[in-house]
Amino acid sequence: MAIEKYMIPCLNKKLFGVDCLGCGTQRALMLLLKGDFSGAFHMFPAIYTLLFLLLFLGLHIIDKSRSYHKIIIGLAIANAIIMIISYFYKMTNY
């Protein structure tokens, strides 16, 4: 059973024909699971900051004794900046 068959299609791309900011996230995650780290980065450059953001969000939910607010906000801002830059790069170069 191939997981790729069950990926959710991008609604923005289906309706308007244009990629969204998150296009490539699922495919990058699949590439990470297969061990293709550079391919995952090329597919979706914000994949690593997104994984760290999800890790710290999970820690924030589990570990109430520590404050992860500054780390989460910093990672969210870094993730948004990387997503925006890579989106504009993809739109102008492809």
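Count residues from 1 along the sequence.
- Note that the NZ atom of K90 and the OG1 atom of T92 stand 11.5 Å from one another [nearest 0.5 Å].
- Smallest separation of non-hydrogen atoms from L53 and I72: CD1-O, 3.6 Å.
- Between D36 and S38, the closest side-chain pair of non-hydrogen atoms falls below 4.5 Å.
- By the 4.5 Å heavy-atom criterion applied to side chains, F41 and L31 are not counted as neighbours.
- Of all heavy-atom pairs spanning I47 and A40, the tightest one is CG2-O, 4.0 Å.
- Remark: H60 engages H69 in a ring pair (Phe, Tyr, Trp, His ring centres under 6.0 Å) (not counting sequence neighbours).
- The cluster map of Ile, Leu, Val, Met, Phe, Trp and Tyr, joined by side-chain heavy atoms under 4.5 Å apart, puts L21 and L54 in the same cluster.
- Transitive grouping of hydrophobic side chains (ILVMFWY, heavy atoms separated by less than 4.5 Å) brings Y87 and L50 into a common cluster.
- Closest non-hydrogen pair, A28 versus F44, comes out as CB-CB, 3.7 Å.
- The shortest non-hydrogen separation linking S86 to M83 is OG-O, 3.1 Å.
- Both L57 and L55 sit in one connected hydrophobic cluster of ILVMFWY residues. Membership requires side-chain heavy atoms under 4.5 Å apart, directly or through other members.
- By the rule that hydrophobic residues join a cluster once side-chain heavy atoms approach within less than 4.5 Å of another member, L51 and F37 end up as members of one cluster.
- Dense packing is recorded around CG of L15, with more than 12 heavy atoms of other residues, nucleotides or ligands lying under 6.0 Å away.
- Here the CD-CE distance, from Q26 to M7, works out to 5.5 Å after rounding to the nearest 0.5 Å.
- Under the 4.5 Å side-chain heavy-atom criterion for grouping Ile, Leu, Val, Met, Phe, Trp and Tyr, I71 is not connected to I77 through any hydrophobic cluster.
- Annotation for Y68 and L59: closest pair CE1-O, 3.7 Å, computed over non-hydrogen atoms.
- In plain terms, the two heavy atoms of V18 and N12 that are nearest each other are O-ND2, 3.1 Å.
- Between the side chain of D19 and the main chain of K13, no donor-acceptor pair closer than 3.5 Å is present.
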